[in-house]
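Bear in mind that the values here come from a model prediction, so they are computed numbers and not experimental data. In what follows, every chain begins at residue 1, and chains take the letters A, B, ... in the order their sequences are listed. What you see below is based on every heavy atom in this structure, not just the backbone, and it leaves out hydrogens, waters and symmetry mates.
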Protein chains: 2
Amino acid sequence: MTEQITDHKKEQIIATALKRFAHFGIAKTTMNEIADDLSLSKASLYYYFPDKTSLILAVGHHILFDFVKQQEATLNKALNFKAGMQNLIDIRIEFGKKYFMMHIGDGQGDSYFHDQQLHHLMEDVRQQEQLLLMAFMKKMQQQGELKALDIVATSQIFTDVLTGIWVFEIHVLHKTLIPSDDQFNNIRTKCLNMLNIFYDGIKRV
Amino acid sequence: MTEQITDHKKEQIIATALKRFAHFGIAKTTMNEIADDLSLSKASLYYYFPDKTSLILAVGHHILFDFVKQQEATLNKALNFKAGMQNLIDIRIEFGKKYFMMHIGDGQGDSYFHDQQLHHLMEDVRQQEQLLLMAFMKKMQQQGELKALDIVATSQIFTDVLTGIWVFEIHVLHKTLIPSDDQFNNIRTKCLNMLNIFYDGIKRV
DNA sequence: TTTTGACTAATTAATTTAAAAAGTCAATAA
DNA sequence: TTATTGACTTTTTAAATTAATTAGTCAAAA
C-alpha cells in the first residue's frame, strides 16, 4: 500500500527531474530546483533518492526503458524489414531530439555521466537494442525477406553504423551546444540512405 | 634559388614539428621546443612561420596531402572494388594510429584546432576523399562490377559510415587518452564487416 | 512513515597571482 | 638582401586562494 504511494512519489520526482534534465542538462539542474518544482524540501527529496546519481540513474532508466519499449513495439508490428528499420531510425531521431541535452551515451556528458553505473546502463540498453534487432532480422529471414547471413554480426554493424552517423554529425561535423533541426534531418537522411544500400546487401534475391 | 632553400628549411621545420605533434599533441608542443630540436632560435622559427597556427596548418596540410595521395595510389592500382576498399580502410586505420594525438578532424582537438582554417582544411580533405571514391566507384561500375546507383550519395554514405564507426569506437565506447590496439582492431573489423554488407548491396547481380 | 529547517561537507565558480608560452623587433651576421 | 638571434612584450595557461553554490546529513516534528 504505502509502498505504492512511495513509488508514485518517486515517479513524480523522476518526471519532474526529467523535465529539467532534458531542458537544461544534468549538471545545470540542482536538487533544490527539483525539490522546489515539487513544493518539497530538499531533505524530502533525499528521503526518496539517496543521492543525485541515483536520481539521474532512475531518470535514465525511465527514458531508456521507454525507448527500448518503443522500438520493440515498432518492430513487432512492422510488415517488412525496411519499414521496420525506417521506423526504428525515426524513433532514434526523436529520442535524440528530446534528450540530447542529457548527453546519454554520447561520450560528451558532464561529470555525472562518467559514473560507472550509468555506463553500464547504456551498455545494457545497447545490448537490448541489439537483441531486438536480432530477433527482428531472424523473423524477417524466416518470412523469406532476408537472405542467410550472420545475424549477430550484421545487427551489430547496423547499430554501430546508426550511432556512428549520429556521433559524426553532432560531435565532429558541426559541434554546437544545441544541434539544429538541419542536423537531425541530415542524420535521418544519412541513416535512411545507409539503410537502402544495406537492405540491398541483405535482402533475399 | 634561395626560395628553394627556404622551402627546404620550411619542410625541415614541418617534419620536426610533426614528430612532436604526433607524439605529444599540438597543445603540448611549444614553438621553443621545435626551435630547439632544430638548433634554431624561436625568432628564426617565426621567420619561416608567422605564427603557430600557420605551422600547424602546414603540418596538417603535409600529412593530409600524403594521406589523400596514398588513397589515390591504392585505388588506382586496385583490381576490384572490394580489394580497393579494403586497402582504403587499412590506410585510414594506419593514419589514425599515427596521428590520433593530433586530433585532426575528430571534434576532440585542443583550442588550436577550433581554428576556422583547419576546419576548412578538413572539409577539403573529406571532399577530396569523396571525389576519389566517386571516381573509383564510377570506374568499377564501368568495368561491370557495380550496379547502377547514385554514386554521389553512395560514396558520401560510405565515408560517413567509415568515419562514424571510428568516432563511435574512440570517443563514445571507450574514451581514453591513448586508444589501444584492440580499439583499432575493432574499428578495422567493423569497417570490413560493413564493407561486406555494403558490397553485396551495390554489386552487379 | 514522511517531512522539514538548520546544519556540514564537498564541488564548483570567481578571483588573483605566478609561470609559461606566443609573438615582436632592432641589431647582427652571412 | 636573406637569415638569424637575444632580449624584449603580450597573451595564454596554470596554480593558488577565496567565495559561493550545491550535495548531502540529521535530529526533531508532523
query = dC7(C) P sits how many Å from Asn32(A) CG, rounded?
reply = 16 Å
message = Quick check against the 3.5 Å criterion: does Ser44(B) have a side-chain atom that pairs as donor or acceptor with the backbone of Leu40(B)?
response = no
task = Counting heavy atoms from C-beta on, name the nucleotide in dG6(D), dT3(C), dG24(D) closest to the side chain of Ser41(A).
result = dT3(C)
request  = Would you kindly give the NZ-to-C1' distance between Lys10(A) and dT2(C), to the nearest whole Å?
outcome  = 13 Å
DNA chain D: 5'-proximal contact among Thr30(A) and Ser44(A) (nearest heavy atom) = Thr30(A)
Rounded distance in Å - CE (Met31(B)) to P (dT24(C)) = 10 Å
ask   = Could you state the CG-P distance from Leu45(B) to dG6(D), rounded to the nearest angstrom?
value = 14 Å
message = Donor-acceptor check, side chain of Gln156(A) to backbone of Gln130(A), threshold 3.5 angstrom: yes or no?
response = no
message = Does dT4(D) have OP1 or OP2 under 4.0 Å away from a side-chain N or O of Lys9(B)?
response = yes
query = What integer distance in Å separates Asp51(B):CG from dT10(D):P?
reply = 18 Å
message = How many whole angstroms separate atom CG of Leu55(B) from atom P of dG23(C)?
response = 10 Å
query = What is the distance, rounded to the nearest whole Å, between atom CD1 of Ile26(A) and atom P of dA23(D)?
reply = 12 Å
key: From CA spacing to verdict: side chain to side chain donor-acceptor pair (under 3.5 Å), Asn186(B), Thr189(B)   = CA-CA 5 Å; Asn186(B) 284 344; Thr189(B) 306; 5.6 Å; no
task = Establish, with yes or no, whether the OP1 or OP2 oxygen of dT3(C) is under 4.0 angstrom from a side-chain nitrogen or oxygen of Tyr48(A).
result = yes
message = For Ala43(B) and Tyr46(A), find the nucleotide of DNA chain D closest to each by heavy atoms; which residue's nucleotide sits nearer the 5' end?
response = Ala43(B)
message = Taking the ring centre of each residue, are Phe21(A) and Tyr99(A) less than 6.0 Å apart?
response = no
ask   = Closer than 4.0 Å, any side-chain N/O of Lys42(B) to the OP1 or OP2 of dT24(C)?
value = no
request  = Could you tell me whether Ser54(A) contacts a base, only the sugar-phosphate backbone, or nothing, with contacts defined as non-hydrogen atoms closer than 4.0 Å?
outcome  = nothing
note = In whole angstroms, the gap separating C1' of dA21(C) from CD1 of Ile56(B) amounts to 13 Å
note = The residue, Glu33(B) or Ser39(A), whose nearest nucleotide of DNA chain C is more 5′ is Ser39(A)
ask   = If only atom types and distance count, is the side chain of Glu33(B) paired as donor or acceptor with the main-chain N or O of Thr30(B) below 3.5 Å?
value = yes
